[in-house]
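Below you'll find the structure, written out as structure tokens, and then a few comments.
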Amino acid sequence: MNVPEKANSFGLSLASRLCSIVNDSPATSVDYVLAEYLLQHYNMLDTLNIYQFAEACRVPRSSIHRFCGKIGYANFSELKLSCHREADSYRYFTELSGRHDFRDQLGHEIIHMVSDMNHRISEDLLGKLADQIEEARSVFLLASYSAISALKDFQRPMVLCGKLVNVVASPHAHDPLKKASKEDLILVVSAMGKFAETYNDFIQPLPGKKILVTASHHKEIQTPYDQVIVISSIDGHHIKTAYAKYGISYFFDNLYSLYYRKYGILPKSS
């Protein structure tokens, strides 16, 4: 498994990284055992020390040091601190979930989000984006781990339209992206702006058309891009909102529909 050098730099929270390991690694591997234990005791990380951790998992401390380094942390203490840094990002959903009127409140926010996005993102805009995807030699979709599932849901049906798009979660480790040409399209998805911030310097020199899809209104994340599509009328910079979870899927579902209607339906044979 390819793991980023700096977990936070790649927009991957500790919980997301650990879940990825548990989902994709053999259950007998040391990485699986350590990741599973941390997930099972996630709310107790403050009180967990490396000696307890090693004893519970029956591994030497050197294995824990190697594990921390593989997922982007200098040591176990830094790994533990990272769960605090990600807390604010997820506060929106944790606070919303605890409300007695959760269903009504979430439904209201999703309805508002859909109305807002329909107003901001026209069929003409989606049509032009579909044209750029069709005309590009290669298409690269970049996003943090939290948005990857929405991009994969877009990637798979695009195959049925005869268009392969590449979903990239770890740009520095993706050789085809590093060899991009001016005929390629690089589409970066960063709802909260963190992923875009991290990769500004990496994206800037890449050739090809560069487009950012975001709910952040901050101008500093927009500099490397030829086009910026802001999906929210409310600034979502560094804030977890309904746009981050549901808006990205809604955007790409609409984009696929437009692409399919323009390029995916083959003419009937006479």
Side-chain angles (χ1 to χ4, degrees), residues 1-90 140-152 155 166-180 186 188-203 206 238 240 244:
M1 177 186 297
N2 291 324
V3 181
E5 296 177 4
K6 289 290 184 181
N8 288 336
S9 295
F10 281 74
L12 300 175
S13 69
L14 173 59
S16 296
R17 186 71 263 164
L18 296 175
C19 286
S20 179
I21 292 171
V22 168
N23 291 341
D24 300 332
S25 300
T28 55
S29 70
V30 173
D31 286 354
Y32 180 98
V33 171
L34 296 176
E36 182 184 47
Y37 185 86
L38 290 175
L39 288 171
Q40 290 173 339
H41 298 82
Y42 199 82
N43 292 327
M44 302 165 55
L45 287 186
D46 283 340
T47 61
L48 181 67
N49 64 54
I50 193 168
Y51 300 97
Q52 295 169 323
F53 187 20
E55 182 178 357
C57 294
R58 299 181 180 179
V59 299
R61 280 178 290 150
S62 59
S63 294
I64 294 175
H65 291 308
R66 284 194 295 271
F67 175 80
C68 292
K70 286 174 68 176
I71 63 173
Y73 301 101
N75 50 51
F76 186 56
S77 295
E78 184 179 285
L79 180 150
K80 288 169 46 171
L81 285 173
S82 71
C83 69
H84 294 291
R85 291 196 292 267
E86 73 184 45
D88 289 342
S89 298
Y90 292 94
F140 299 97
L141 305 180
L142 281 64
S144 64
Y145 184 81
S146 60
I148 286 297
S149 63
L151 301 190
K152 288 181 177 178
Q155 178 190 44
N166 302 276
V167 175
V168 182
S170 301
H172 286 301
H174 197 272
D175 289 335
L177 176 62
K178 290 186 284 187
K179 298 175 183 177
I186 300 169
V188 176
V189 179
S190 181
M192 297 167 59
K194 290 184 177 181
F195 189 82
E197 281 178 338
T198 299
Y199 284 104
N200 268 8
D201 292 341
F202 180 82
I203 296 293
L206 293 177
H238 286 199
K240 196 83 170 181

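Counting from 1, the numbers follow the sequence of the chain as shown.
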Problem set entry | Pairing residues for His65 by the ring-ring contact (aromatic ring centres under 6.0 Å, His included) criterion, not counting sequence neighbours | none
For this session: Apply side-chain hydrogen bond (donor to acceptor under 3.5 Å, both in side chains) to Asn49 and list each qualifying residue two or more places apart in sequence or on a separate chain.
Result: Gln52
Problem set entry | Distance-minimising heavy-atom pair for Phe195 and Ala169 | CE1-O, 4.2 Å
Exercise. Just wondering, more than 12 heavy atoms not from Asn23 lying within 6.0 Å of its CG?
Worked result: yes
Exercise. Which pair of heavy atoms, one from Tyr73 and one from Glu78, lies closest together, and at what distance?
Worked result: CA-OE2, 3.3 Å
Exercise. Got a sec, which residues hit ring-ring contact (aromatic ring centres under 6.0 Å, His included) with Phe76, two or more places apart in sequence or on another chain?
Worked result: Phe53
For this session: Work out which heavy atom in Pro171 is nearest to a heavy atom in Leu177; give both atom names and the distance.
Result: CB-CD2, 3.8 Å
Exercise. Which pairs pass salt bridge (charged side-chain N to carboxylate O under 4.0 Å, His left out) with one or both residues in residues 168-178, sequence neighbours excluded?
Worked result: Asp175-Lys178
Exercise. What residues, two or more places apart in sequence or in another chain, satisfy side chain to side chain contact (heavy atoms under 4.5 Å, CB included) together with Ala191?
Worked result: Ala244, Ile248
Exercise. What distance separates Asn75 CG from Ile64 CD1, expressed to the nearest 0.5 Å?
Worked result: 12.0 Å
For this session: Kindly give the heavy-atom pair with the smallest separation between Ala196 and Ser190, and that separation in Å.
Result: N-OG, 3.1 Å
For this session: Report the distance from atom CZ of Phe140 to atom CG of Leu206, rounding to the nearest 0.5 Å.
Result: 9.0 Å
Exercise. Stepwise, does the side-chain contact (heavy atoms from CB on, under 4.5 Å) test hold for Leu48 with Tyr37?
Worked result: CA-CA 11 Å; Leu48 181 67; Tyr37 185 86; 4.0 Å; yes
Problem set entry | Check against side-chain contact (heavy atoms from CB on, under 4.5 Å), Leu141 and Val189 | CA-CA 7 Å; Leu141 305 180; Val189 179; 5.8 Å; no
For this session: Working to the nearest 0.5 Å, report the span between CD1 of Ile21 and CZ of Phe67.
Result: 4.0 Å
Exercise. What are the two closest non-hydrogen atoms of Asp46 and Lys80, and how far apart are they?
Worked result: O-NZ, 3.8 Å
Only distances under 3.5 Å count here; give the side-chain donor-acceptor pairs of residues 28-36 to other protein atoms, sequence neighbours excluded, each with its distance to 0.1 Å.
from, atom 1, to, atom 2, distance (Å)
Ser29, OG, Pro26, O, 2.9
Ser29, OG, Tyr32, N, 3.1
Asp31, OD2, Lys70, NZ, 2.6

Problem set entry | Partners passing side-chain hydrogen bond (donor to acceptor under 3.5 Å, both in side chains) against Glu197 (at least two apart in sequence or in another chain) | His237, His238
Exercise. Do Leu142 and Leu151 have side chains that get closer than 4.5 Å, going by heavy atoms?
Worked result: no
Exercise. Once you round to the nearest 0.5 Å, how far does CG of Leu45 lie from OG of Ser77?
Worked result: 11.5 Å
For this session: Using the test side chain to side chain contact (heavy atoms under 4.5 Å, CB included), find all partners of Glu55 that sit at least two apart in sequence or belong to another chain.
Result: none
For this session: Working to the nearest 0.5 Å, report the span between CG of Leu79 and CZ of Arg17.
Result: 12.0 Å
